[in-house]
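All remarks here apply to the structure that follows.
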Amino acid sequence: TFRNPVYLSMGIGTPILYLFLFAPLLKNFVGFQGFPTENIFEVFIPGMAVMIAFFSGLFSGWGMIDELRSGVIERFYVSPCSRGALLGGFVLRDLCSMLLQVTAFLMFSTLFGYKISFMSLLLLYAVLSLLLITVSSFANGLGLLVRRSDILAPIVQGINLPTMLLSGVLLPMSLAPFWLKIIAHSSPMFYAVEAARALQMADYGNPYIFYCFLLFLPLSVFTFLWTTTLFKKAVV
């Protein structure tokens, strides 16, 4: 990953561009009914952190396809290491990369007056880590299933667009009409975004924090075990 600095730089640069070019538009929403705070960065920056975690995992399927094509996965045939540990290496790489990007983004955001308590930051990292493990495991599983970039691309885009629109990453879903709020609850990422914003405001009693952990703890385990099963078939 460090030998490919373009990946890391774009992962950090994209949310920074949003911070410069999109966040100022939210100032006109302050005071609207449904806008949760008078500080736009308390809404926008946690959403961007979730977006970094989501994208860091979602596009890992292409890396798995490249590993299959280049013969790396085939070389694992002779390894005595457990197949779950081998897959865990891919997920752990994505996790470390994501945490590095989020940390750099949050440090840059302090230039805009952004602040977060230490306890909220730790819990935010936990939320982002569970999201990353879930999405990265799922994306790697898709890569093992389809094994072709031209097939994976439309599937990922088909997942990406509705998930992003329903999550409230850019604008809080509290501004949405009632019917859209109901549909948004079908998106797992919605709970991560709501939990991240509640943690930003140190609202530890917010039920979305509990819902987020209740959802992603078993979901991360399930997706990892599912992908491990696929990985075992690929690495006999």
Side-chain angles (χ1 to χ4, degrees), residues 15 18-19 22-23 26-57 95 98-99 101-110 112-138 162-224:
Y18 272 103
L19 192 62
F22 185 84
L26 297 181
K27 292 182 178 179
N28 294 326
F29 286 93
V30 174
F32 273 37
Q33 182 179 2
F35 200 81
T37 178
E38 294 183 357
N39 187 340
I40 61 172
F41 295 116
E42 291 183 348
V43 171
F44 187 74
I45 291 176
M48 286 293 99
V50 173
M51 187 182 76
I52 293 173
F54 181 69
F55 283 155
S56 295
L95 178 61
M98 180 273 294
L99 291 176
Q101 293 175 57
V102 169
T103 301
F105 174 67
L106 294 182
M107 291 177 63
F108 181 83
S109 299
T110 59
F112 293 81
Y114 174 76
K115 296 180 181 179
I116 185 172
S117 68
F118 181 71
M119 179 60 68
S120 294
L121 182 62
L122 290 180
L123 290 173
L124 176 62
Y125 279 156
V127 168
L128 299 179
S129 296
L130 288 174
L131 174 63
L132 184 283
I133 293 170
T134 302
V135 178
S136 177
S137 298
F138 178 73
T163 301
M164 291 293 295
L165 292 176
L166 292 174
S167 66
V169 165
L170 300 179
L171 286 172
M173 294 306 294
S174 56
L175 298 173
F178 178 75
W179 63 270
L180 191 54
K181 292 179 182 178
I182 298 299
I183 298 176
H185 284 78
S186 64
S187 171
M189 194 172 164
F190 166 78
Y191 297 92
V193 173
E194 292 297 313
R197 287 175 177 155
L199 290 171
Q200 169 62 43
M201 301 175 193
D203 183 11
Y204 301 121
N206 191 301
Y208 280 109
I209 299 176
F210 173 75
Y211 297 154
C212 179
F213 282 102
L214 185 65
L215 174 65
F216 279 104
L217 278 171
L219 195 58
S220 60
V221 173
F222 173 78
T223 53
F224 186 82

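- V50 and A196 make their closest contact through CG2-CB, 3.8 Å (heavy atoms, listed as atom of the first residue, atom of the second, distance).
- The nearest pair of heavy atoms linking Q101 to S56 is NE2-OG, 3.8 Å.
- One finds the CG atom of D203 at 11.0 Å from the CD atom of E194 (value rounded to the nearest 0.5 Å).
- Looking only at distances, a side-chain donor or acceptor of Q200 sits under 3.5 Å from a matching main-chain atom of K115.
- S109 has its side chain within reach of L19: a pair of non-hydrogen atoms, C-beta onward, lies under 4.5 Å apart.
- Ring geometry for Y208 versus Y211: interplanar angle over 60°, hence perpendicular rather than tilted (30 to 60°).
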For S120 and Y125, run side-chain hydrogen bond (donor to acceptor under 3.5 Å, both in side chains): C-alpha distance rounded to whole Å, both residues' side-chain angles, the deciding distance at 0.1 Å, then the answer.
-> CA-CA 9 Å; S120 294; Y125 279 156; over 6 Å; no

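- The closest side-chain heavy-atom distance from F55 to M164 is below 4.5 Å.
- Heavy atoms only, all atoms of each residue included: V127 and C212 are closest at CG1-SG, 3.7 Å.
- Rounding to the nearest 0.5 angstrom, the gap separating the CG atom in L166 from the CG atom in L180 is 6.5 Å.
- Of the candidates L106, L199, T103, V102, L106 is the only one forming a side-chain contact (heavy atoms from CB on, under 4.5 Å) with L121.
- Side-chain contact between S129 and L132: absent, with no pair of heavy atoms (C-beta onward) separated by less than 4.5 Å.
- With S137 contributing its side chain and T134 its backbone, the two residues share no donor-acceptor pair below 3.5 Å.
- The structure places NE2 of H185 at 4.0 Å from CZ of F190, a figure rounded to the nearest 0.5 Å.
- Here the straight-line distance linking atom CD1 of I45 with atom CZ of F108 works out to 10.0 Å at 0.5 Å rounding.
- Annotation: Y18, atom OH; neighbour count of heavy atoms from other residues, nucleotides and ligands within 6.0 Å does not exceed 12.
- S187 places no side-chain N or O within 3.5 Å of a backbone atom of A184 that could act as its donor or acceptor partner.
- Here the two rings, on Y114 and F41, have centers that are 6.0 Å apart or farther.
- Looking at heavy atoms from C-beta onward, Y204 lies in side-chain contact with S117 at the 4.5 angstrom threshold.
- In this structure, CG on L219 lies 11.0 Å from CD1 on I133, to the nearest 0.5 angstrom.
- Around atom CZ of F112, more than 12 heavy atoms belonging to other residues, nucleotides or ligands sit under 6.0 Å away.
- Within the 4.5 Å cutoff, the side chain of M189 has heavy atoms near those of the V169 side chain.
- Between atom CE of residue M173 and atom CD1 of residue I183 there is a gap of 8.5 Å, rounded to the nearest 0.5 Å.
- F216 and Y191 have their aromatic ring centers separated by at least 6.0 angstrom.
- No donor-acceptor pair under 3.5 Å is formed between the side chain of T110 and the backbone N or O of G113.
- The minimum heavy-atom distance linking A49 with F105 is given by the pair N-CE2, 4.4 Å.
- Counting heavy atoms from C-beta on, the side chains of L123 and I209 never come closer than 4.5 Å.
- In this structure the side chain of R197 reaches within 4.5 angstrom of the side chain of P172, judged on heavy atoms.
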